[in-house]
Structures are given as C-alpha cells and as structure tokens.
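What follows is a single structure, written as structure tokens, with notes after it.
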2 protein chains.
Amino acid sequence: MALQLERATQQRAAILAAFREHPHPLLPADVHALASVHCPGLGIATVYRTIKVLLAEAVLETVNLPGESARYELKDRPHHHHFQCRACGRVFDVPGCPPSLAAYAPPGFAVDGHELTLYGRCAECLRG
Amino acid sequence: MALQLERATQQRAAILAAFREHPHPLLPADVHALASVHCPGLGIATVYRTIKVLLAEAVLETVNLPGESARYELKDRPHHHHFQCRACGRVFDVPGCPPSLAAYAPPGFAVDGHELTLYGRCAECLRG
DNA sequence: CTAGATGCAAATCGTTTGCCAGTCG
DNA sequence: CGACTGGCAAACGATTTGCATCTAG
C-alpha cells in the first residue's frame, strides 16, 4: 500500500530540505511554498502525501496548536514545547519542560505524554 | 458588531440548555442535534454563530484536542486542563496547573496564557 | 416598526482521493 | 519494463457568509 517512501525523488528531497532549513513548525502551505523553490511545479497534494509518509516513518512530528491547522517539524530535536505570538501568529520552539506534569493527572491514570503551548507576545512584536 | 446577545431567542435558549444538560465538551454537531430537540428546524449556521457569540461573552470556552475539531463547554468551572486517554479517546478534566509556566518562554517574550493536554491511559482502560 | 437574528444555500478553507501520466530502479 | 510517484482537479468535511425573511422588544 505504498506507505513507505521507497524511492528517492526530487520532491521528497525538496520537502525534507524545507524542514531542515526552517527549524520551526511549518504548515503544509509553508512547506509547499518553500519546497517549490527547489522543485518548481510541486503539487500541494504531494506535500500532504509526503508529510503523511514522513510521519509514519517518525521523521516528522505533528505540532497541534489549539484552533489552528496542524504544523509539522523534524523529529530530531530534543523535547520542547511551543510559544505562539498572538500578534504575528508565528510559532517558536521553547526548550525545557515543567517538571512532574504527570502528577497532575487524576489518581490511577497513567501519563505517557503531553502537549504544552504558551501564548503571548514575541520579543519582536513587543518592540514594534 | 452584534458581539452581544441582545435578544433572548428560542434557539439561543435551546443551545444554552444543551450545554447545561450536557456537562461534556460538545462538538457543534452535538449541540445542533441536542438543541434541535427543543427547537426543531434549528440551523447549523445558527449554532456556529451562537457559539461564537457565547465565546466572546466568555460564557463558553473552547476545548481543543489535537487532530480533532473544536469542542465547547460552559466556562463555569475553575481553571483546568485536559487528559485524553489514548485507548478510549475520552477526555477528562485535570484540576490544577503547573506553576510558573511563563518562565519557560524565551527571554524577552511575554506570556499571557497557556494550554496543557496530558495523554496516557485512564484508570478504566488500565484495568480492562 | 426596526435592528438584530435565523435559515437556507452557496462559498471558503484545509485536506484527501481518483485517475492517468511520468519516473526510478 | 512495471510498480511506485507526482500533478491536477474533483471530492470532502467542517465552518463561514450572503441574502431575503422573520421576530423580539
């Protein structure tokens, strides 16, 4: 069922390059725009199909921001969270992680993961 | 404008009743189905429009689950977060909140809010 | 009466899929 | 050569909006 990329194609290389060159979560539309530079004529459907394959291969991971469509980034970075600027909408990586989040779960529940998103104003928007 | 409920209509009463009678986060489609019982012919567009107004009035709040469409619940509860069971998919409220989350933002950034979701197995699924 | 609210349908938006042509190995 | 891939456009599901009608105050 072709759920693996068995061939090394131009478009896959261009899509991976977009993620490597931009170390923050990207929307499919961003990936399409960035990868199109290296691979003119690239179709948006190919971006979606490739992202899905890369997720299955654990090369990418999904970054879900409440109320927004999913973004994706390379999974080769240490554990971190995200900050979204309410002014410009951009998303930044936030290193580190609050300790013992699992302690907040109800008794008897097993926690194996979490997502944390901070909101506010980025340094740039605060200056402007 | 019209970001306030200036008129008490049947359909708005029916929509609020659906939330009061159902202490879970509801999808717009759920609200439509539930409120239609008390208000036949209710349009889905009205549900969306009313939810938006109630959010602006801080009567409702959004519950975002990664990869799923937004749900809504009455905002009459204290600050809390959510736990989603990876086995049964249900969402539970988690009281409390890790302290000083703002400290994790990059220097120069201003934090004014956050969302936290824990994942794992609920007590029931762990037993089963 | 009159501004605001509703219903319906059409319009968007983001994402997925069908189909046929192109390409890698 | 032959299956895996990619592009295009139609299909899709969720949400929003235009517009004529209706209703609360």
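Convention: sequence-line order gives letters A, B, ...; per-chain numbering from 1.
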Test item: side-chain donor near acceptor, A:H24 and A:H82, under 3.5 Å: no

Donor-acceptor pair between A:E73 and A:H80 side chains, under 3.5 angstrom: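 A donor-acceptor contact under 3.5 Å links the two side chains.
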
Report the distance from atom [atom1] of [X] to atom [atom2] of [N], rounded to the nearest whole Å.
| X | N | atom1 | atom2 | result |
| --- | --- | --- | --- | --- |
| A:Y48 | C:dC13 | OH | C1' | 9 Å |
| A:K52 | C:dT17 | NZ | C1' | 9 Å |
| A:H32 | C:dT16 | NE2 | C1' | 15 Å |
| B:I51 | D:dT16 | CD1 | C1' | 13 Å |
| A:I15 | D:dT5 | CD1 | P | 13 Å |
| A:Y72 | C:dT15 | OH | C1' | 9 Å |
| B:Q10 | D:dG25 | CD | P | 12 Å |
| B:I44 | C:dT12 | CD1 | P | 20 Å |

Connected via hydrophobic side-chain network under 4.5 Å: A:L27 and A:F83: no

Whether B:H79 and B:H114 hold their rings parallel, tilted or perpendicular, with breakpoints at 30° and 60°: perpendicular

Pairwise 5' ranking along DNA chain C for A:A29 and A:R49, keeping only the more 5' one: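 The residue mapped nearer the 5' terminus is A:A29.
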
Any A:Q11 side-chain nitrogen or oxygen under 4.0 Å from OP1 or OP2 of D:dG7: yes

OP1 or OP2 of C:dT6 under 4.0 Å from side-chain N/O of B:T9: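 Result: yes.
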
Electrostatic pair A:E68-A:R71, nearest N-O below 4.0 angstrom: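 Yes, this pair counts.
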
Can you identify which nucleotide, out of [options], has its nearest atom closest to the [X] side chain?
| X | options | result |
| --- | --- | --- |
| B:T50 | C:dT6, D:dT17, D:dG7 | C:dT6 |
| A:A8 | C:dG25, C:dG7, D:dG6 | C:dG25 |
| B:P28 | D:dT15, C:dA3, C:dT15 | D:dT15 |
| A:S69 | C:dG14, D:dG25, D:dT15 | C:dG14 |

Sugar-phosphate, base or nothing in reach of A:L42, heavy atoms under 4.0 Å: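 Since only primed, P, OP1 and OP2 atoms lie under 4.0 Å of A:L42, the category is sugar-phosphate.
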
Base C:dG4 to side chain B:R7, donor-acceptor N/O within 3.5 Å cut-off: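 Side chain to base: pair present.
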
